[in-house]
Amino acid sequence: MQREVGTLPLAPALRARLAAAGFQTAQELLDTGPCGLSKEIGISREEALEALQVVRRECHGNAARTAGGSGATRKCTALELLEEEQTQGFIITFCSALDNILGGGVQLTKITEICGAPGVGKTQLCMQLAVDVQIPECFGGVAGEAVFIDTEGSFMVDRVVDIAAACVQHCHLIAEAQQEEDHRKALETFSLENILSHIYYFRCRDYTELLAQVYLLPEFLSEHSKVRLVVIDGIAFPFRHDFEDLSLRTRLLNGLAQQLIIIANDHKSAVVLTNQMTTRIGQSQSTLVPALGESWGHAATVRLIFHWDNSQRLATLYKSPSQKESTIAYHITCHGFRDVQPPAVTHSTEGTELNPRKRPRTEEERQ
Amino acid sequence: MAAKKLRRAQLSQEMCERLSRYQITTCQDFLCLSLLELMKVTGQSYYEVQKLLCKVSRACAPKMQTAYEMKLRKSVNPSSAFLSTTLHSLDRVLHGGVPCRSLTEITSPPGCGKTQFCIMLSVLATLPVSMGGLDGAVIYIDTESAFSAERLIEIAANRFPTYFDSDEKLLCMSRSIHLYRELTCCSVLKRIMSLEEEIISKKVKLIIIDSVASVVRKEFDTKLQGNLAERSNFLTRGASVLKYLAEEFSIPV
């Protein structure tokens, strides 16, 4: 209760008045009471009451935190985290090689960033994930819903229909092979209409709408508590033009990243962002690097870079706290995101090679 | 949406006046500030500022729709989803034709037929819906001066002799193709920005820009330092306006 008045989240004018009147700690405020406060500072009784309520809320929050209570506190032991992580689900991508290098699939409560040149398959993967997050638990999915925030306008409903139809087909095949009761029951609700009606789509035209939407997301997610995936397709696009002030851009992006981390943790959902590539002109050559600058690189927990090698699409795990760097090949078929046939087997020795050129040749040798 | 004045975001009058003293008049300015700055500027407590933020965000956030609603909307009106190119294999690959509500880019080495393809699409767009067209006007932004009206008439007369049997029909068709010759990046951008009103007044159903690359390459030399950023600035700005037009009016670009 010894909290200083200057640190309380009151209006600045009110704080200045309290300081001028000589109040130093929150306890003093609470002891004075609303009538006394209003007389001393010269504000109305209602305002004084509001201020006291704010102070009380803050101090109770503080007390709970210092007592190590549940809810507001964010500390727990590593053992509890381990247990949580082990029971946490992954969102599979239907490409087993990609799932392997990610450690099971796209992780919940983490931000995954997908960078790549145009046309390499970022939006395809996002659409695939929006369908895959809805797979019922008995088939190995997380049975959640998806929020799709589109800034580039590349979301094609027909394509999602194709992907969803293939996914439903796949589950039907599994159910037939295994013949279990809960499989059949789950399949009744896992239909095309259900999948499509659980993808919530927002089309943001510029960065203001994107910022507004991300501010409103926590409220939306508490109303729709089954959402387990938030996709922002094209986080780079609205920030790449009309921005003379680069420091403002960095600040907005950092704020956005912070909010997304909070959303991912509080609602136990995965956040997937797609980023564009930009050319960095070096001394004598130019390289393709992810857009939005160096500071944005710290925002995502897991970074995947998609690129081409001749006519083969490759995915490189560029940054991950728990998996090592590796590159795999993938395919985009009419059913969605898939492995290259035969499925690429990632040996641990080959995984350390970052040079994408080596991969196709070794596959040819094996064949 | 971003330039929406705070007044229309249902903030109180005194709040708007107070914010305008700090030059914050649009939703964009408001959302770009951090929470502490907002507290200082509005003179409100932390919780109040959060509520204000939600109010302003709600004023400019996009509307939610589920994928299912989008699919239903598309299936209700299938003919308006594509402009068929009348090349059957191309239509098959594109799943129906040039899609409405999105940008389609045609690239090739010189001489392959891009401008011819664009001229043919212009003819197709003016045809009535029963013949696979869009029954509307066309805006053709030409940066290379490659558009030839005679070729337009030739294509129309030879491809659809039964429809374009009279001169009058040909004249009517060519009247609905509005040609703009723009030779610099600046004028192209200005033209794109001014298109919204023209689309409504002339009932335009197709926008063609031939070609984006030529005007950009003429003006921006990528070897110079600052030019790359400016060039991509111009391109992305043009692209976002065109995407907005395509989606808003459900037309192909």
Side-chain angles (χ1 to χ4, degrees), chain A residues 8-14 50-51 54 57-58 130 146-161 164 192-216 219-220 237-238 240-243 248 251-252 255 278-279 281, chain B residues 1-4 26-32 34-35 39-40 42-50 53-54 56-74 81 95-96 99 101-103 222-223 225 228-229 232-240 243-244 246-247:
Chain A
L8 293 168
L10 297 167
L14 189 57
E50 261 183 56
V54 166
R57 213 181 330 171
E58 272 303 306
V147 166
F148 199 103
I149 302 179
D150 189 6
T151 59
E152 296 173 345
S154 30
F155 184 79
M156 298 268 132
V157 193
D158 302 320
R159 186 67 181 134
V160 179
V161 168
L192 200 59
E193 289 84 38
N194 262 333
I195 299 181
L196 288 180
S197 22
H198 291 310
I199 300 183
Y200 305 108
Y201 178 76
F202 297 88
R203 173 79 171 94
C204 293
R205 297 257 157 73
D206 51 36
Y207 72 89
T208 313
E209 289 187 20
L210 181 62
L211 286 172
Q213 190 52 50
V214 174
Y215 277 127
L216 293 177
E219 206 184 304
F220 185 81
F237 187 63
R240 284 188 85 182
H241 61 100
D242 281 343
F243 249 109
L248 175 65
R251 186 159 58 87
L252 290 178
T278 182
T279 328
I281 314 269
Chain B
M1 268 299 170
K4 191 168 180 177
T26 64
C27 291
Q28 187 170 1
D29 301 328
F30 192 88
L31 289 172
C32 279
S34 69
L35 276 174
M39 277 176 71
K40 186 176 76 161
T42 60
Q44 301 273 331
S45 71
Y46 185 70
Y47 301 106
E48 290 293 313
V49 159
Q50 282 187 321
L53 209 55
C54 277
V56 173
S57 306
R58 234 183 296 265
C60 33
K63 203 169 63 91
M64 193 266 291
Q65 32 178 338
T66 63
Y68 190 50
E69 290 163 14
M70 292 169 68
K71 174 165 170 289
L72 283 181
R73 217 177 320 135
K74 259 208 174 167
H95 270 264
R101 309 180 57 113
S102 64
L103 293 182
T222 48
K223 289 206 197 59
Q225 192 60 352
L228 200 54
S232 57
N233 205 352
F234 161 73
L235 286 172
T236 38
R237 205 177 327 158
S240 61
K243 280 194 214 216
Y244 165 71
E247 288 182 10

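In what follows, chains are A, B, ... by sequence order, proteins preceding strands, each numbered from 1. Note that the structure is a prediction, hence the values are computed from the model and not measured. Keep in mind that the numbers below use all heavy atoms, side chains included, and drop hydrogens, waters and symmetry copies.
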Subject >> Option in A:D158, A:V160, A:L14 with maximal non-hydrogen atom pairs under 4.5 Å from chain B >> reply: A:D158
**OP:** Mark yes or no for whether A:R203, through its side chain, and A:I149, through its backbone, hold a donor-acceptor pair below 3.5 Å.
**Re:** no
Original post:
Could you go step by step and tell me if B:E247 and A:R205 meet the salt bridge (Lys or Arg N to Asp or Glu O under 4.0 Å) rule?
Top reply: CA-CA 11 Å; B:E247 288 182 10; A:R205 297 257 157 73; 3.1 Å; yes
Subject >> chain B contact via A:V214 - which portion, at a heavy-atom distance below 4.5 Å >> reply: neither
Original post:
What part of B:L31 gets closer than 4.5 Å to chain A, counting heavy atoms only: side chain, backbone, both or neither?
Top reply: both
Subject >> Option in A:A130, A:G255, A:S197 with maximal non-hydrogen atom pairs under 4.5 Å from chain B >> reply: A:S197
**OP:** Assess whether ring-ring contact (aromatic ring centres under 6.0 Å, His included) is satisfied between A:F220 and A:Y215, documenting all intermediate values.
**Re:** CA-CA 10 Å; A:F220 185 81; A:Y215 277 127; over 10 Å; no
Original post:
Excluding sequence neighbours, so at least two apart, what forms ring-ring contact (aromatic ring centres under 6.0 Å, His included) with B:Y68?
Top reply: none
**OP:** Could you tell me which portion of A:E219 (side chain, backbone, both or neither) has an atom closer than 4.5 angstrom to a non-hydrogen atom of chain B?
**Re:** side chain
Original post:
Under a 4.5 Å heavy-atom cut-off, does chain A meet the side chain of B:K71, its backbone, both or neither?
Top reply: both
Original post:
Who are the ring-ring contact (aromatic ring centres under 6.0 Å, His included) partners of A:F148, not counting sequence neighbours?
Top reply: A:F155
Subject >> Interface residue of largest heavy-atom contact number with chain B, from A:L248, A:L10, A:L192, under 4.5 Å >> reply: A:L10
**OP:** Establish, yes or no, whether the cationic atom of B:K243 lies under 6.0 Å from the six-membered ring centre of A:F237 and within 45° of the ring axis.
**Re:** yes
Subject >> Pairs of heavy atoms under 4.5 Å with chain A: top-ranked of B:R58, B:M64, B:E69, B:E48 >> reply: B:M64
